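Values below: all heavy atoms of this structure, side chains included; hydrogens, waters and symmetry mates excluded. Everything quoted here is computed from the prediction, not taken from an experiment.
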Amino acid sequence: MITALLHYQFLQNTFLTGIMIGIIAPLIGSFIVVRRLSLIADALSHVTLSGIAVSLFLSSKLPVLSGLNPLYIGTGFSVLGSVLIERLRVVYRYYQDLAIPIIMSGGIGIGLIFISLAGGYNVDLMNYLFGSVSAVSRTDLWLILAISIAVAAVIILLYKELFLLSFDEEYAKVSGIPAKTIHLVFMVLIALVISAAMRIVGIMLVSALITLPVAASIRISRGFKQTILFSVLFGEISVMGGLVSAFYLDLPPGGTIVLISILILLMAIYIKRFRTGIRFSKKKV
């Protein structure tokens, strides 16, 4: 494996990208789960799929766009979808959950239409759906690096505001925090993370990498900062373990990454029960 990493640039691109995704996906996921917006990752992943399908359609019909990287249009669609969700949450003040299925439905519909127009499912599209060890180009790597730096920087700078809005939105508003602006920025961050992660995990499974490490972390952590740290640790283990497994077994990395994430979650649940059992036994004594 080490020899292959030294000789093949596509493996270097994939593993460097994996390291970055393993950090930013659980990082943003910690705030998503606390705010009970877990389904938003599914909605935006379907919108991203629409962008990828549109890009593949344009590339097949317009020779001048044949070299266009689908990641660009996919990212644009994802960001647009995040803005529309936030706008719909304002329109449906008392039924904010409606925003997510509305955008998800639109994303699925547009995606299916343009997949059909582009000639149906092909190798490129399957790589975007389920991830690929060999699909990450050097251009993708630089774009994902820029996204990772932007996401990490914004979360560090706005950590206090995001924390307050996640746990006590009313208090945050009273404190003078510009809630609408922060919400919009946060939604755009989610869109960027999904666009970045889809090259490794795939559009269909990207929400799992965002939520599963956080779900495992919640079971054993004590405090929100510890939740973030454990989430990132579990995310890195899942991504690195999944990429190595996918390389040796010749499988899509999305599936192997998610399976390792599930195993970590099951272990965390068992550890929590084990701790609870020990404490109960001590109380009896």
Side-chain angles (χ1 to χ4, degrees), residues 25 28-29 32-33 35-66 68-132 135 140 143 147 183-212 252 254-255 258:
I28 199 79
I32 291 174
V33 171
R35 300 175 78 170
R36 299 180 182 178
L37 292 173
S38 299
L39 288 177
I40 200 169
D42 282 316
L44 291 180
S45 65
H46 285 86
V47 174
T48 306
L49 174 61
S50 298
I52 296 297
V54 169
S55 180
L56 293 175
F57 169 73
L58 292 175
S59 298
S60 65
K61 301 300 180 182
L62 301 174
V64 69
L65 296 177
S66 59
L68 180 66
N69 190 336
L71 190 59
Y72 297 148
I73 294 182
T75 301
F77 267 64
S78 187
V79 171
L80 177 61
S82 69
V83 173
L84 290 176
I85 287 177
E86 189 57 28
R87 293 300 303 163
L88 286 173
R89 279 164 57 84
V90 174
V91 172
Y92 293 100
R93 293 183 58 187
Y94 302 105
Y95 307 97
Q96 293 187 353
D97 289 348
L98 276 174
I100 295 176
I102 289 172
I103 296 302
M104 181 185 288
S105 301
I108 294 173
I110 294 171
L112 288 174
I113 290 172
F114 279 94
I115 286 171
S116 178
L117 291 174
Y121 291 92
N122 53 45
V123 175
D124 288 338
L125 187 59
M126 294 302 287
N127 287 340
Y128 280 103
L129 286 173
F130 303 107
S132 172
D140 294 336
L143 178 60
I147 290 174
H183 278 312
L184 182 58
V185 170
F186 181 70
M187 297 293 286
V188 172
L189 290 182
I190 298 172
L192 292 175
V193 169
I194 288 171
S195 299
M198 68 182 178
R199 292 302 266 156
I200 297 293
V201 190
I203 294 169
M204 295 292 99
L205 299 172
V206 66
S207 62
L209 182 59
I210 290 175
T211 56
L212 287 179
V258 171

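The closest donor-acceptor contact from the side chain of Ser38 to the backbone of Val33 lies at 3.5 Å or more, if one exists at all. Judged by distance alone, with hydrogens and angles left aside, the side-chain atoms of Ser59 form a donor-acceptor pair with the main-chain N or O of Ser55 at under 3.5 Å. Proximity of a side-chain donor or acceptor of Thr211 to a complementary backbone N or O of Ser207 within less than 3.5 Å is detected.
A search for side chain to side chain contact (heavy atoms under 4.5 Å, CB included) contacts involving Ala191 returns Leu44, Ser78, Val79, Ser82, not counting sequence neighbours. Contacts of Asp140 classified as side-chain hydrogen bond (donor to acceptor under 3.5 Å, both in side chains), with partners at least two apart in sequence or in another chain: Asn69, Ser137, Arg199. Residues passing the side chain to side chain contact (heavy atoms under 4.5 Å, CB included) test with Leu143 are Leu71, Tyr72, Ile147, sequence neighbours excluded.
Going from atom OG of Ser195 over to atom CD1 of Ile190 covers 11.5 Å, rounded to the nearest 0.5 Å. Note that the CD1 atom of Ile73 and the CG atom of Leu58 stand 5.5 Å from one another [nearest 0.5 Å]. Here the CD1 atom belonging to Ile108 is positioned 4.0 Å from the NE2 atom belonging to His46, to the nearest 0.5 angstrom. How far NE2 of His183 is from CD1 of Ile85: 13.5 Å, rounded to the nearest 0.5 Å. A distance of 10.0 Å separates CG of Leu212 from CG of Leu205, quoted to the nearest 0.5 Å. The structure places CD1 of Ile102 at 12.5 Å from CZ of Arg89, a figure rounded to the nearest 0.5 Å.
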Next item on the list: For Ile32 and Phe186, run side chain to side chain contact (heavy atoms under 4.5 Å, CB included): C-alpha distance rounded to whole Å, both residues' side-chain angles, the deciding distance at 0.1 Å, then the answer.
Entry: CA-CA 9 Å; Ile32 291 174; Phe186 181 70; 3.8 Å; yes
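Phe114 has its side chain out of reach of Leu56: every pair of non-hydrogen atoms, C-beta onward, lies at least 4.5 Å apart. Counting only heavy atoms from C-beta outward, the side chains of Met187 and Ile40 approach each other to under 4.5 Å. By the 4.5 Å heavy-atom criterion applied to side chains, Val47 and Leu80 are not counted as neighbours.
Test Thr75, Val206, Ile194 against Thr48 for side-chain contact (heavy atoms from CB on, under 4.5 Å) and you get one pass: Ile194.
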